[in-house]
There are 2 protein chains.
Amino acid sequence: MYSVNMKAEHLHRLVWMSRPLMQAAEACVEAGLAGTGLTVRMRAVLEILHQSGEQTVPEIAARLEIKRQYVQVMCNETLASGFVEQRPNPRHKRSPFLALTDQGRSLIEQIISKELALMAELGADLDSQDIARALDVVCAVTDRLRKQGSPEE
Amino acid sequence: MYSVNMKAEHLHRLVWMSRPLMQAAEACVEAGLAGTGLTVRMRAVLEILHQSGEQTVPEIAARLEIKRQYVQVMCNETLASGFVEQRPNPRHKRSPFLALTDQGRSLIEQIISKELALMAELGADLDSQDIARALDVVCAVTDRLRKQGSPEE
DNA sequence: TTCATATTGACACTATACATGTCAACTTGA
DNA sequence: TCAAGTTGACATGTATAGTGTCAATATGAA
């Protein structure tokens, strides 16, 4: 019963670390973006297109779990940057695919590898297993909190 | 060289989970606050006063790492709720201490214990050690990202 | 004791990151 | 072919926080 309380307390603190972690991470990402002409949200679009290939705006919105209308704005900005271009979508003529240009692909790859290098540096003295399990724990907790927050059955 | 990349990748994903985790957590906290008349930010004020005792607004701002002017607004709201009251501050006459009222103390204790119960439930099948280490990893990474983001030397 | 400097509370304004609502144009599928 | 759905565009709303400024006051060093 002692360790049960400790466990819940640790979990509670872990959950509440999400905000400071996010803020620190965003500040770093932003710093890393300096000079590229990208904003954090444009980076998010590039990353999704890099991970999952060409997609329509509504598909990107679904993946990011934010509203279509806002993603539309993000994507329009990104299109204007020249790192992304439209391609015909045979399944829907009004909703073209967005795809990375060569420039965009090279940029996002460079950004991500820079970020990974930073991660390698920051995590140098951390245990690989611990990190892998931390990821599992965080994913599990996030999932369950989501179900808790909006029970859809 | 293989595991080094895996490690960085896991860390990268862990860091990027911070936003979904935070959003899920906030939704849950908000749901748990329903009926209390508290908002998430009022809860934050109560929690700090509960953890660290009576403090002035600028002290709370320093602890939350958000701007004094915004914390002032949060605290004014919280004061209006009756869960917090002003007490004379011998060190500074214009800046009274804020302290929990009995009602406020009982409310925040009730809220936190409810949250801890939820954590215990969500973490039931997670390993205690893993959670403790996940917390350590997240704290370490947050610290280092902060130093990275704003190198002050 | 006095006075320059700092702190505090209050208020106004701005910015960001979304949500919401609406609409017309178009597409799809029955 | 036509009703129903999808998409892009735009306008507006809201929550969270940052910034700037000011007057009142407090503090601490001379």
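Chain A is the first sequence line, chain B the second, and so forth, proteins listed ahead of strands; every chain is numbered from 1.
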Margin query: For a quick check, tell me whether the side chain of B:Arg94 and the base of D:dA26 share a donor-acceptor pair closer than 3.5 Å.
Written below: no

Check: Considering heavy-atom distances to DNA chain C, does A:Asn89 or A:Glu26 have its closest nucleotide positioned more toward the 5' end?
Finding: A:Glu26

Notebook entry, point to check: Separation of B:Arg91 atom CZ from C:dT7 atom C1', in whole Å?
Noted result: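 Rounding to the nearest Å, CZ of B:Arg91 and C1' of C:dT7 are 13 Å apart.
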
Notebook entry, point to check: Roughly how many Å is it from CZ in B:Arg41 to P in D:dT14, rounded to a whole number?
Noted result: 14 Å

Check: Quick one: does A:Phe97's side chain get under 4.5 Å of A:Pro90's, heavy atoms only?
Finding: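 SC-SC contact between A:Phe97 and A:Pro90 confirmed.
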
Next item on the list: Would you please test B:Glu65 and B:Arg146 for salt bridge (Lys or Arg N to Asp or Glu O under 4.0 Å) and show each step?
Entry: CA-CA 12 Å; B:Glu65 295 181 79; B:Arg146 273 182 182 146; 3.3 Å; yes

Next item on the list: Give me the residues of residues 64-86 of chain B where at least one heavy atom lies under 4.0 Å from an atom of DNA chain C, by number, or none.
Entry: B:Arg68, B:Gln69, B:Gln72, B:Asn76

Notebook entry, point to check: B:Glu47 and B:Arg43: salt bridge (Lys or Arg N to Asp or Glu O under 4.0 Å), yes or no, with the steps?
Noted result: CA-CA 6 Å; B:Glu47 189 181 26; B:Arg43 181 206 167 284; 3.0 Å; yes

Checklist line | Nearest-nucleotide comparison on DNA chain D, the residue closer to the 5′ end among A:Gln23 and A:Thr56 | finding: A:Thr56

Notebook entry, point to check: When you measure from the side chain of B:Thr142 to the backbone N and O of A:Pro20, does any donor-acceptor pair fall under 3.5 Å?
Noted result: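 No, the answer is negative, given that no donor and acceptor are paired below the 3.5 Å cut-off.
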
Notebook entry, point to check: Is the shortest side-chain N to carboxylate O distance from B:Lys7 to B:Glu9 below 4.0 Å?
Noted result: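 Salt bridge flag = no for B:Glu9 with B:Lys7.
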
Check: In terms of side-chain geometry, is the basic nitrogen of A:Glu121 or B:Arg144 positioned less than 4.0 Å from the acidic oxygen of its partner?
Finding: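 No.
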
Next item on the list: Using a cut-off of strictly less than 4.0 Å, decide whether A:Ser95 has a side-chain nitrogen or oxygen near OP1 or OP2 of C:dT27.
Entry: no

Notebook entry, point to check: For D:dT16, does OP1 or OP2 lie under 4.0 Å from any side-chain N or O of A:Arg19?
Noted result: no

